[in-house]
Undergrad: 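Here it is, the structure, as structure tokens.
In what follows, chains carry the letters A, B, and so on, assigned in the order in which the sequence lines appear, proteins first and then strands, with residues in each chain numbered from 1. Please read these numbers as outputs of a predicted model, since none were measured by experiment.
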Protein chains: 2
Amino acid sequence: MEFKEAKNKFVQTWGALGSQWGINKTMAQIHALLMVSNEAVSMEDIMEELQISRGNASMNLRALMDWGIVYKEYKAGERKEFFTAEKDLDELASKISRERSKREIKPALKILKEVSTIEAKDSEEEKHFVDQTSKLYDFVLKADNMLDKMTEFNDNWLGKLVIKMMK
Amino acid sequence: MEFKEAKNKFVQTWGALGSQWGINKTMAQIHALLMVSNEAVSMEDIMEELQISRGNASMNLRALMDWGIVYKEYKAGERKEFFTAEKDLDELASKISRERSKREIKPALKILKEVSTIEAKDSEEEKHFVDQTSKLYDFVLKADNMLDKMTEFNDNWLGKLVIKMMK
DNA sequence: TTAAACTTTCAAAAATAATTGAAAGTTTGT
DNA sequence: ACAAACTTTCAATTATTTTTGAAAGTTTAA
């Protein structure tokens, strides 16, 4: 396979993956493109490579920056802006998980707590509801904490030991 | 808050969460409804509670069964089918992660391997591409394995110890 | 074998999400 | 202050996904 083809394949694949995870296709593609570029890329070039409009590029770059996984860069003598992606994968994973936690998991936990603390009068139906949502609350809380600590855990010696043992 | 209200809130929240994770809203709502029901629910009742059409209910129930997280049940003397959700949360998480791995991560890994093994002739650009996609391959592979082992890890003594330490 | 009681399928319609492009906004150099 | 070189915004359009509902299919009991 030739470089250009490989690059294109990667960008397409990453884009498709993104849309399965609630991130829009273009956003994931831009991110993919920046990840494998060894130098900062201008909006013009992003538009050209992905064949998208200026507005689309602008909005999705903004979203990526809000996620904290793409940065703006300025080049001396150039008026236009350039963009780079976070390339350290531990850092990337950490930012993504922090952001998803904040946007999705925390609000869900809040609701889970609310609904799991209603007074479960008499019926079996209500008891089961409270029981199941309480379990869910604990579970999601635990999973959220784990994700939170995943990166540092991944780096630390005990983590490495445990990972080896799990293989 | 009253039971009916709490139940509705839970179903709505779970549904919204689902759509952020690439699962459609109705599918997630049906799952939510079944999770908090202490007994098996008929299609008729699902349609009624969620205000959806027969076709919609049928298709989404099928999808949930394909994921292995909802089961059909038959009641003696009743001709119609009833449905229940997997209620054990470790089991649920394990099935979801197995399924997503199979459907999304494994295919992506295959592509990552392909594109990361092109011959990186001379240019810095190509070298960077191969380097970055290789790292990504390793990272995704590692993360995939971790998810795979999460449940058993969660249950085992060492895991519990580590989790305690991380808190 | 028939018919009642169900479930599944799928083309069409509706709802939702992403994209465009041009006008408005901003920044920088002179 | 002006205008060139950019970026952002957002209403309208386009594309994608989901939902509907009625016809076709299936199962069961008599």
Undergrad: State whether K9(B) and E114(A) are salt-bridged, where the test is any N-O pair (Lys NZ or Arg NE/NH1/NH2 against Asp/Glu carboxylate O) under 4.0 Å.
TA: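 Yes, charged N to carboxylate O under 4.0 Å.
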
Undergrad: Pick one: which of R100(B), K102(B), K106(B) meets side chain to side chain donor-acceptor pair (under 3.5 Å) with E104(B)?
TA: R100(B)

Undergrad: Pick base, sugar-phosphate or nothing for N24(B), based on heavy-atom distances below 4.0 Å to the nucleic acid.
TA: sugar-phosphate

Undergrad: Between dA4(D), dT19(C), dA5(C), spot the one nearest the side chain of N60(A), thanks.
TA: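 Selected nucleotide (nearest to the side chain): dT19(C).
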
Undergrad: Considering only dT8(D), dT19(C), dC6(C), which nucleotide approaches the side chain of M43(A) most closely?
TA: dT8(D)

Undergrad: dT8(D) phosphate, OP1 or OP2: any side-chain N/O from K72(A) under 4.0 angstrom?
TA: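 It does, given that an N or O in the side chain of K72(A) lies less than 4.0 Å from OP1 or OP2 of dT8(D).
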
Undergrad: Does dT9(D) have OP1 or OP2 sitting under 4.0 Å from an N or O in the side chain of S58(A)?
TA: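 Answer no for this pair, as no side-chain N or O of S58(A) is under 4.0 Å from OP1 or OP2.
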
Undergrad: Check this for me: K87(A), atom NZ, are more than 12 non-hydrogen atoms of other residues, nucleotides or ligands nearer than 6.0 Å?
TA: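 For K87(A), atom NZ is crowded (more than 12 foreign heavy atoms under 6.0 Å).
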
Undergrad: Given the structure, check if the side chain of R79(B) and the base of dA4(C) hold any donor-acceptor pair shorter than 3.5 Å.
TA: yes

Undergrad: Output the single nucleotide from dT7(C), dC10(D), dG21(C) whose closest atom is nearest the side chain of S53(A).
TA: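 Among the listed nucleotides, the one closest to the side chain of S53(A) is dG21(C).
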
Undergrad: Side chain of R54(B) only, please: which of dC10(D), dT7(D), dT7(C) is the nearest?
TA: dT7(C)

Undergrad: Please answer whether the main-chain N or O of D88(B) pairs with a side-chain N or O of E86(B) as donor and acceptor at a distance below 3.5 Å.
TA: yes

Undergrad: Take the protein atom CE of M59(B) and the nucleotide atom P of dG21(D), then report the distance between them rounded to whole Å.
TA: 15 Å

